[in-house]
Amino acid sequence: MQPTNQRFAPQLLASAQRQLAEFVAANPDITLAVVTSGDGFEVAAHPHLPMAQRIAAMSSSLQALSEAIAREAGLSRSRNLIIETDNGTIVVLGIPNITPRLSLAVVASGSEILGRLLWATRTCCAALAGSLQV
Amino acid sequence: MSNDQELKIVFTGPMGAGKTTAIRSISDIPPVSTEVDNTDRASHTKDSTTVALDYGQLLLEDGTAVRLYGTPGQERFSFMWEILCNGAIGVILLIDGSSATALADLRAYADTFHRINPDQPFVIGVGRTNPEDADVLDRYAQTLAAGGIVAPVFDVDVRNREDVLLLIETLLCILETRVPGAAHAAH
């Protein structure tokens with residue numbers, strides 16, 4: 001979506017897009033990966049599903065709520081958001097060292113092991129942090 | 001909140017209309033806020049924006065506890081609108097009167113929230129109006145009426161606690177008029 005994408009040069013976005021495609025290809029249980037701005041814009045996504053924009057907005061709302069709950073409980077800033085369902089998992093991780101904040105939301109089918117999904121997503125976030133540095 | 005009379009009221013309106021400020025003005029507790037950096041400066045120049053909800057609480061003089069929920073303003077967060085309206089007794093719609101799209105915003109948000117729950121009463125608060133424009137509130141009321149919605153319209157400064165309380169009290173009066181006792185029986 002335009003407002004956030006304008007912050008990044010087209011070649012950086014193309015690079016992030018490539019990284020997401022490689023990430024999804026290397027992890028067959030992942031059905032969608034979306035880079036999201038803190039205020040709910042889709043920055044990059046793979047595959048290009050219509051729901052990516054809504055997932056972007058929803059994940060930013062949930063992340064803000066999880067941080068509000070953590071603050072209320074006297075905890076520090078939340079790191080990961082994990083939604084486990086009967087047939088799949090969604091994780092939302094912050095992409096480090098980028099301001100304003102960006103996150104990676106990942107949707108995986110039920111056969112994915114949570115620990116492996118978190119590890120793979122964290123690795124992807126680190127790679128995205130490198131390619132999206134302005 | 002220990003009182004067994006509890007009401008839920010939703011504050012909505014476009015980005016920058018003053019929803020977070022309104023709740024901050026009247027809440028008895030430090031409000032829960034989900035503001036983040038605003039990266040969409042083309043839509044609004046404000047530094048931050050609400051992406052999930054604002055939450056505050058208010059205890060009225062008669063002992064009624066009011067839960068105050070603020071929505072995100074942008075359409076991309078419309079999934080939150082339905083969630084937050086669930087169980088609400090009414091909607092306070094805030095409009096930025098200095099915006100070039102103020103009347104269109106009023107129509108759009110009134111239509112949308114009326115569709116979400118046709119029985120929920122509305123009260124409209126218009127901020128940043130031009131003090132020399134004597135007919136400004138009439139235009140807002142006529143715009144609503146053209147869409148089949150009847151609602152009181154007030155010129156407000158949401159930084160002013162009394163102005164925001166006026167909106168809430170008006171909403172409660174509407175409920176009392178519809179079904180006497182309904183406002184205080186709701187949960």
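Order of the sequence lines sets the chain letters (A, B, ...), proteins ahead of strands, with each chain counted from 1.
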J.: Could you give the distance from CG (D39(A)) to CG (D40(B)), rounded to the nearest 0.5 Å?
T.: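 Reported to 0.5 Å precision, the distance equals 7.0 Å.
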
J.: Establish whether I89(B) and I168(B) are linked, either directly or via other cluster members, by ILVMFWY side-chain heavy-atom contacts under 4.5 Å.
T.: yes

J.: Do L171(B) and F154(B) land in one hydrophobic cluster if side-chain heavy atoms of ILVMFWY residues count as linked below 4.5 Å?
T.: yes

J.: Flag yes if I90(A) and F23(A) sit in one hydrophobic cluster, no otherwise; membership is Ile, Leu, Val, Met, Phe, Trp, Tyr, and two members link when side-chain heavy atoms are under 4.5 Å apart.
T.: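 No, I90(A) does not connect to F23(A) through the hydrophobic network.
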
J.: Does CD1 in I113(A) sit with more than 12 non-hydrogen atoms of other residues, nucleotides or ligands closer than 6.0 Å?
T.: no

J.: I need the minimum non-hydrogen distance between G38(A) and V51(B), along with the two atoms involved.
T.: O-CG1, 3.8 Å

J.: Counting heavy-atom pairs closer than 4.5 Å to chain B, which one of A57(A), S60(A), A64(A), A68(A) comes out on top?
T.: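 Between A57(A), S60(A), A64(A), A68(A), the count favours A57(A).
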
J.: Given 3.5 Å as the limit, does a donor-acceptor pair link the side chain of D37(B) with the main chain of P100(A), or not?
T.: no

J.: Identify which part of S48(B) has an atom lying under 4.5 Å from any heavy atom of chain A, answering side chain, backbone, both or neither.
T.: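 Answer is neither: S48(B) stays 4.5 Å or more from chain A.
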
J.: Would you check, one step at a time, whether the test side-chain contact (heavy atoms from CB on, under 4.5 Å) holds for R76(B) with F41(A)?
T.: CA-CA 8 Å; R76(B) 66 182 179 279; F41(A) 287 106; 3.2 Å; yes

J.: Check whether E72(A) gets within reach of chain B through its side chain, its backbone, both or neither, counting any heavy atom under 4.5 Å.
T.: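 Just its side chain gets close to chain B.
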
J.: Considering all heavy atoms of both residues, which atom of S61(A) and which atom of A52(B) are nearest to each other, and what is their separation?
T.: O-CB, 3.5 Å

J.: Identify the residues of residues 23-36 of chain B whose heavy atoms come closer than 4.5 Å to a heavy atom of chain A, ordered by number, or report 'none'.
T.: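 Only V32(B), S33(B), T34(B), V36(B) of residues 23-36 of chain B have a heavy atom under 4.5 Å from chain A.
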
J.: Is it true that L167(B) and L175(B) fall in one hydrophobic cluster, defined by side-chain heavy atoms closer than 4.5 Å?
T.: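 Yes, it is one cluster - the side chains of L167(B) and L175(B) are joined through contacts under 4.5 Å.
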
J.: Is NZ or CZ of R54(A) both nearer than 6.0 Å to the six-membered ring centre of F79(B) and within 45° of the ring axis?
T.: no

J.: Hydrophobic clusters here meaning ILVMFWY residues chained together by side-chain heavy-atom distances under 4.5 Å, can you tell me if V153(B) and V91(B) are in one?
T.: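 Same hydrophobic cluster.
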
